[in-house]
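Okay, structure first, notes after.
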Amino acid sequence: MGRRDVHSPLIEPAIAEDEAAVVALWHACGLTRPWNDPHADFALALGGAASTIFVARGEGMIEGSVMVGFDGHRGWVYYLAVSTDQRRTGLGRALMAAAEDWLRARGAPKLQLMVREDNAAALDFYQALGLERQKVAVLGRFLKEGA
């Protein structure tokens, strides 16, 4: 993949050694929740053929990330994160473009993601990218005991 222009970091697939830095970024961006293990999420995404994580490598650090997966019916985006000092530089847009390219290459007909209803900044960002609210309700249940 390796996208780069003069103003943006290199966007490429994550490797196992990126785990600590990526999870730290997810924590810093407020994307983690106590009931989800971000380290397990990272490992599962990299270990599966139907998912991956892209990272934006800046000067000696990871400045952004996005997790993407394809379930055979829809493409899903998770953990889009951009470091505070790189926000409003186009990096989030570039990471979403990398996720969309990955999904298109696998034949995914649609991209979806979930945003917490009270996250107005994220909702505004995705709307500016052309994503629209869907008329669906998200239902779920934890499969792990004690969750």
Side-chain angles (χ1 to χ4, degrees), residues 1-48 50-71 74-106 108 110-134 136-144 146-147:
M1 182 133 267
R3 296 169 173 236
R4 181 194 293 263
D5 66 27
V6 291
H7 302 294
S8 67
L10 177 67
I11 296 177
E12 62 186 9
I15 57 174
E17 291 78 13
D18 294 327
E19 180 179 342
V22 170
V23 170
L25 178 64
W26 294 348
H27 281 299
C29 291
L31 299 178
T32 59
R33 294 296 181 263
W35 53 87
N36 289 338
D37 178 352
H39 293 279
D41 289 347
F42 183 95
L44 282 169
L46 286 193
S51 58
T52 196
I53 298 171
F54 289 101
V55 293
R57 296 187 193 283
E59 300 197 20
M61 64 181 292
I62 290 177
E63 296 178 338
S65 74
V66 63
M67 180 188 291
V68 60
F70 180 44
D71 64 15
R74 291 184 178 95
W76 288 88
V77 170
Y78 305 91
Y79 287 116
L80 177 66
V82 174
S83 64
T84 306
D85 61 335
Q86 291 299 310
R87 292 189 181 159
R88 302 204 173 272
T89 66
L91 184 54
R93 184 177 294 269
L95 285 161
M96 280 297 291
E100 288 181 19
D101 289 348
W102 187 91
L103 289 167
R104 276 190 198 95
R106 283 150 186 82
K110 184 177 183 183
L111 174 149
Q112 292 192 168
L113 52 87
M114 293 181 281
V115 177
R116 287 180 183 83
E117 289 184 26
D118 62 350
N119 192 341
L123 290 167
D124 290 346
F125 170 77
Y126 291 119
Q127 184 175 2
L129 292 182
L131 281 81
E132 301 172 348
R133 285 187 183 246
Q134 305 292 290
V136 298
V138 177
L139 307 174
R141 160 190 352 226
F142 288 105
L143 299 176
K144 185 171 65 171

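Predicted, not measured: the structure shown is a model, and the values here were computed from it.
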(request) Nearest 0.5 Å please: distance from the CG atom of Asp85 over to the CE atom of Met61. (result) 6.0 Å

(request) Kindly indicate whether the side chain of Tyr79, heavy atoms from C-beta on, has any atom under 4.5 Å from the side chain of Asp41. (result) yes

(message) Strictly distance-based, threshold 3.5 Å: is any side-chain N or O of Arg74 a donor or acceptor partner for the main-chain N or O of Phe70?
(response) no

(request) Applying side-chain contact (heavy atoms from CB on, under 4.5 Å), run through Phe125 and Leu80 and close with a yes or a no. (result) CA-CA 11 Å; Phe125 170 77; Leu80 177 66; 3.5 Å; yes

(request) Compare all side-chain heavy atoms of Glu63 with those of Val82 and state whether any distance is below 4.5 angstrom. (result) no

(message) Would you compute the distance between atom CD1 of Ile53 and atom CZ of Phe42 and round it to the nearest 0.5 angstrom?
(response) 4.5 Å

(request) Go through the steps for Val55 and Ile11 under the test side-chain contact (heavy atoms from CB on, under 4.5 Å), then give the verdict. (result) CA-CA 5 Å; Val55 293; Ile11 296 177; over 6 Å; no

Under 3.5 Å, which donor-acceptor pairs link side chains of residues 18-34 to any protein atom two or more places apart or in another chain?
from  : atom 1 : to    : atom 2 : distance (Å)
Asp18 : OD1    : Arg57 : NH1    : 3.0
Asp18 : OD1    : Arg57 : NH2    : 3.2
Asp18 : OD2    : Ile15 : N      : 2.9
Asp18 : OD2    : Arg57 : NH2    : 2.5
Glu19 : OE2    : His39 : ND1    : 2.7
Trp26 : NE1    : Ser65 : OG     : 2.8
His27 : ND1    : Thr32 : OG1    : 2.9
Arg33 : NH1    : Gly30 : O      : 3.0

(message) Between Ser51 (side chain only) and Gly69 (backbone N and O only), is there a donor and an acceptor less than 3.5 Å apart?
(response) no

(request) Check for a donor-acceptor pair, side chain of Gln86 on one end and backbone N or O of Thr84 on the other, with a separation under 3.5 Å. (result) no

(request) Kindly indicate whether the side chain of Lys110, heavy atoms from C-beta on, has any atom under 4.5 Å from the side chain of Gln134. (result) yes

(message) Are the side chains of Leu111 and Leu131 in contact, using a 4.5 Å heavy-atom criterion?
(response) yes

(request) Can you see which heavy atom on Gly75 is nearest to which on Leu103, and at what distance? (result) CA-CD2, 3.5 Å

(message) Nearest 0.5 angstrom please: Tyr126 OH to Arg133 CZ, how far?
(response) 13.0 Å

(request) Begin with the C-alpha distance, continue with both residues' side-chain angles, and end with the deciding distance and a verdict on side-chain contact (heavy atoms from CB on, under 4.5 Å) for Val68 and Trp76. (result) CA-CA 6 Å; Val68 60; Trp76 288 88; over 6 Å; no

(request) Side-chain contact test, heavy atoms from C-beta onward, threshold under 4.5 Å: evaluate it for Trp102 versus Thr52 and give yes or no. (result) yes

(message) Please find the pair of heavy atoms, one from Ala16 and one from Leu46, that lie closest to each other, and give the distance.
(response) N-CD1, 3.8 Å

(request) Report yes if the side chains of Met96 and Val77 come closer than 4.5 Å at any heavy-atom pair, otherwise no. (result) yes

